[in-house]
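Notes to accompany the following structure.
Read the numbers this way: they start at 1 and go in the same order the structure lists the ligands and their atoms. For reference, positions follow the sequence shown, starting with 1. Excluded from the calculations below are hydrogen atoms, water molecules and symmetry mates; all remaining heavy atoms, backbone and side chain alike, are included.
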Amino acid sequence: MDYEELRRLMVETQLVPRGIRDPRVLEAMLKVPRHLFVDEPMQHRAYDDMALPIGNGQTISQPYMVAVMTELLELKGNERVLEVGTGSGYQAAVLAVLAAEVYSIERVEALAVKAREHLRSLGYDNVHVITGDGTEGLPEKAPFDRIIITAGTPQVPEPLKEQLGENGILVAPVGARFSQQLIRLRKTADGITEEYHTPCVFVPLVGKYGWKE
Ligand code: SAM
């Protein structure tokens, strides 16, 4: 299969027509081999316009959702980013292309191990995958310039707001268990502002400051 051509079609038919404009984001989506972050039987569907199963009841997010969330982060290249919900490692790879350093937390050990292997074998050496409850963040590496939560949460966990640096941006799907809306928080010296974006459906963020099991 010509995966490079499938990536080009994904960008041209799924991302550009829906309003993704940041050239750096489009370039990263053209570049990162999404099919290598899913199991072999699923690889031919990796560039379809949908989320796909990755095992352990979890999913790799729809390409458009990865692109929107990444665009909302307004990455310029020098940021330290925290991702909560490594899953397959694909979003982390896209972030790795666009930022300086990425810390990504996954609560399911088996997924963290697999994502770490994929990221390492593809040379994304600026991504660090950590197993644990991402709702508590990573205080020892804070503050972060950007934080992205890639699982649905009833509210933005307080520790993550605290670990966001000044002039930082946090993007997360917030809402009910089966339907959320992307929100973007910006932290300034005057406090935190909140904007609402695309409706979405993510698997739940399960942890101390998210949903209970
Ligand atoms: N970003 C991923 C990708 O590119 O494949 C997709 C993430 S998937 C939609 C959500 C992930 O969040 C799942 O792998 C799930 O196990 C993980 N998750 C849920 N609650 C978590 C928590 N408290 N801390 C860390 N990861 C969590």
Practice prompt. Assess Thr86 for proximity to ligand 1: is some non-hydrogen atom of it under 4.0 Å away?
Written response: yes

Worksheet, complete the sentence: Residues Leu138 and Gln163: closest non-hydrogen pair is N-OE1, 2.7 Å

Worksheet item: So, Arg186 and Glu195, do they make that salt bridge, N to O below 4.0 Å?
Response: yes

Item to complete: If you have a sec, work out which protein heavy atom is nearest atom 20 (N) of ligand 1 and how many Å separate them, to one decimal?
Response: Val206 N, 3.0 Å

Discussion item. For ligand 1 and Ile60, I'd like to know whether there is a polar contact (N/O to N/O, distance under 3.5 Å).
Written reply: no

Item to complete: With heavy atoms only and a cut-off of under 4.0 Å, state how Gln58 meets ligand 1: side chain, backbone, both or neither.
Response: side chain

Worksheet entry | Asp39/Lys114 salt bridge by N-O under 4.0 Å criterion | yes

Worksheet item: If you measure from each non-hydrogen atom of Ala92 to ligand 1, which part falls under 4.0 Å: side chain, backbone, both or neither?
Response: neither

Worksheet item: Relative to the ring of Tyr3, is the ring of Tyr47 parallel (under 30°), tilted (30 to 60°) or perpendicular (over 60°)?
Response: tilted

Response to the item:
For Gln91, the ligand 1 atoms with a heavy-atom partner under 4.0 Å come out as 1 (N), 4 (O)

Discussion item. Any atom of ligand 1 sitting under 4.0 Å from a heavy atom of Ser61?
Written reply: yes

Worksheet item: Does Pro204 reach ligand 1, in the sense of a heavy atom lying below 4.0 Å from it?
Response: yes

Worksheet item: Is Glu106 salt-bridged to Arg116, cutoff N-O under 4.0 Å?
Response: no

Worksheet item: Going by heavy atoms, is Lys208 under 4.0 Å from ligand 1?
Response: no

Practice prompt. Measure Val203 to ligand 1 on non-hydrogen atoms and call it side chain, backbone, both or neither using the 4.0 Å cut-off.
Written response: side chain

Discussion item. Salt bridge or not between Arg7 and Glu12? Use side-chain N to carboxylate O under 4.0 Å.
Written reply: no

Worksheet, complete the sentence: Of all heavy-atom pairs linking Gln14 and Tyr64, the shortest is O-CD1, 4.0 Å

Worksheet, complete the sentence: For Val108, the atoms of ligand 1 under 4.0 Å from one of its heavy atoms are 16 (O)

Discussion item. Applying a heavy-atom cut-off of 4.0 Å, say which part of Leu111 lies close to ligand 1: side chain, backbone, both or neither.
Written reply: side chain

